[in-house]
Number of protein chains: 2
Amino acid sequence: MDCPLAFKKEKLRHLEDGCRQNGLAMTVQRRVVLDALAERTDHPSADQLYDAVRGRLRGISRTTVYRVLETLVGIGVVQKISNPESKARYDANTVRHHHIHCIRCEKIEDMHTPALHLAQQVPIATESGFTIVDYSINFSGICPDCRS
Amino acid sequence: MDCPLAFKKEKLRHLEDGCRQNGLAMTVQRRVVLDALAERTDHPSADQLYDAVRGRLRGISRTTVYRVLETLVGIGVVQKISNPESKARYDANTVRHHHIHCIRCEKIEDMHTPALHLAQQVPIATESGFTIVDYSINFSGICPDCRS
DNA sequence: GTTAATGCAAAGCATTTGCACACGT
DNA sequence: ACGTGTGCAAATGCTTTGCATTAAC
């Protein structure tokens with residue numbers, strides 16, 4: 001498989017390592033959020049994660065889920081992904097990859113097409129004087145479910 | 001200039017044409033929103049547009065600005081652009097181009113680097129079965145203002 | 001035992017909706 | 001005149017914050 005961090009176990013370890021290295025306490029709540037993040041590849045919103053996590057740890061609060069996610073983004077092990085909805089979506093895969101979203105149902109999936117590596121073509125600085133740090137490509141289209 | 005729709009007049013005409021072709025009434029409110037959109041290249045949020053427009057047409061309501069924008073997105077002359085904030089940003093330039101956003105101040109600017117045309121490399125359909133309609137590249141980096 | 005993390009409830013933005021009135025065609 | 005578009009106010013959805021309690025190290 002040419003996609004690092006594609007598997008649950010590896011993602012989970014990456015998340016745990018990040019927490020440990022940043023001195024974050026491993027609470028029950030953090031653990032279930034980490035688990036939920038690691039086993040999904042569908043870029044869930046905070047509320048979707050909250051729903052997933054509530055089944056496993058009764059009583060966990062929505063606030064905690066939001067706070068755990070912000071903490072993980074803060075230490076860099078999770079990314080908030082860009083999308084046209086007005087709602088954050090999270091991605092535990094921090095290896096560079098791209099996304100495609102369905103313009104009908106708003107689903108977002110990963111793209112691993114290797115032809116898309118721009119590394120050599122990307123200017124370090126732009127006409128406008130920006131120093132470029134990273135990039136990602138967002139495709140839009142229609143998913144198989146919505147086409148039928 | 002290799003960038004179509006780069007100029008205010010042309011953008012405005014494109015917006016007006018779209019409205020006419022879709023049978024939309026040209027109200028004073030729509031006119032000022034169209035003007036405001038055409039003369040900006042900074043991908044304003046609905047509220048920024050509302051502020052801009054309020055100066056010219058006292059009494060226009062925030063609701064109307066939101067509604068006009070949604071209508072324009074609906075007929076395809078304006079795009080909601082993807083960004084990691086939880087707030088929509090609008091772009092009256094529907095010619096394919098890319099964006100760079102500053103990770104410090106969240107500013108978003110256009111990129112017209114011609115080397116980035118992926119047309120030939122982009123698969124029509126993905127592993128996941130999506131039919132691709134469009135794409136855009138999002139760069140992130142630090143803008144000149146924030147670097148100093 | 002300290003310090004950091006959680007839960008609750010309330011507040012804060014961004015956005016949408018229902019309904020009565022006004023305006024463009 | 002007709003139907004669409006607007007304004008207002010209230011509702012909704014997503015997210016954040018303050019504060020007292022609880023749990024991790």
Side-chain angles (χ1 to χ4, degrees), chain A residues 15-16 18-36 43-54 56-75 77-90 106 108, chain B residues 15-37 43-54 56-75 77-90 106 108:
Chain A
L15 293 169
E16 286 169 340
C19 289
R20 214 170 298 122
Q21 282 162 28
N22 287 82
L24 300 179
M26 189 47 64
T27 62
V28 214
Q29 290 87 344
R30 282 215 181 109
R31 183 163 303 287
V32 291
V33 174
L34 258 41
D35 283 344
H43 316 87
S45 66
D47 264 24
Q48 287 177 308
L49 248 0
Y50 171 59
D51 283 339
V53 136
R54 218 163 20 148
R56 304 183 208 177
L57 184 66
R58 17 103 277 155
I60 189 172
S61 87
R62 193 189 305 273
T63 308
T64 297
V65 175
Y66 274 92
R67 265 191 294 227
V68 168
L69 289 169
E70 267 324 293
T71 305
L72 297 174
V73 170
I75 65 172
V77 290
V78 165
Q79 292 184 317
K80 246 182 183 153
I81 69 179
S82 286
N83 70 281
E85 298 170 79
S86 291
K87 152 161 72 172
R89 283 165 165 274
Y90 297 88
E106 309 269 69
I108 299 181
Chain B
L15 293 170
E16 286 170 339
D17 286 353
C19 289
R20 215 171 297 123
Q21 282 161 29
N22 286 81
L24 300 180
M26 190 47 64
T27 62
V28 216
Q29 291 87 342
R30 284 217 179 107
R31 184 165 302 288
V32 293
V33 174
L34 259 40
D35 283 346
L37 269 168
H43 315 88
S45 65
D47 265 24
Q48 287 177 308
L49 247 1
Y50 171 60
D51 284 339
V53 136
R54 218 164 19 149
R56 304 182 207 178
L57 184 66
R58 17 102 269 170
I60 189 173
S61 86
R62 193 189 305 273
T63 308
T64 297
V65 175
Y66 274 92
R67 266 190 293 225
V68 168
L69 289 169
E70 267 324 293
T71 305
L72 297 174
V73 170
I75 65 173
V77 291
V78 165
Q79 292 183 318
K80 247 182 183 153
I81 68 179
S82 285
N83 69 280
E85 301 169 79
S86 291
K87 155 161 71 173
R89 283 164 165 275
Y90 297 88
E106 308 269 70
I108 299 180

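Both backbone and side-chain heavy atoms feed into the values below; hydrogens, waters and symmetry mates do not. Below, chain A is the first sequence line, B the second, and so on; all start at residue 1.
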Output the rounded distance in Å from [atom1] ([X]) to [atom2] ([N]).
{"X": "B:Asp47", "N": "C:dT15", "atom1": "CG", "atom2": "P", "value": "7 Å"}
{"X": "B:Arg54", "N": "D:dG7", "atom1": "CZ", "atom2": "C1'", "value": "14 Å"}
{"X": "A:Asn22", "N": "D:dA24", "atom1": "CG", "atom2": "P", "value": "20 Å"}
{"X": "A:Leu34", "N": "C:dA5", "atom1": "CG", "atom2": "C1'", "value": "14 Å"}
{"X": "A:Leu69", "N": "C:dT6", "atom1": "CG", "atom2": "C1'", "value": "15 Å"}

When rounded to the nearest 0.5 Å, the distance separating OH of B:Tyr90 from NZ of B:Lys80 is 4.5 Å
dist A:Arg89:CZ -> A:Glu106:CD (nearest 0.5 Å) comes out at 7.5 Å
Students often get this wrong, so: under 4.0 angstrom with heavy atoms, is [X] touching a base, only sugar-phosphate, or nothing?
{"X": "B:Arg30", "result": "sugar-phosphate"}
{"X": "A:Gly59", "result": "sugar-phosphate"}
{"X": "B:Thr27", "result": "sugar-phosphate"}
{"X": "B:Arg62", "result": "base"}

Residue-phosphate contact under 4.0 Å: [X] side-chain N/O, [N] OP1/OP2:
{"X": "A:Tyr66", "N": "D:dT15", "answer": "yes"}
{"X": "A:Gln29", "N": "D:dA23", "answer": "no"}
{"X": "A:Thr63", "N": "C:dT6", "answer": "no"}

Could you report the tightest heavy-atom contact between B:Cys19 and B:Leu72, atom names first, then the distance? SG-CD2, 3.8 Å
Mapping B:Ser86 and B:Ser61 to their closest nucleotides on DNA chain D, which lands nearer the 5' end? B:Ser61
Counting C-beta onward and ignoring hydrogens, is there a side-chain heavy-atom pair between B:Tyr50 and B:Val33 closer than 4.5 Å? no
Sorted by position of nearest nucleotide on DNA chain C, 5' first, the leading residue of A:Ile60 and B:Leu24 is A:Ile60
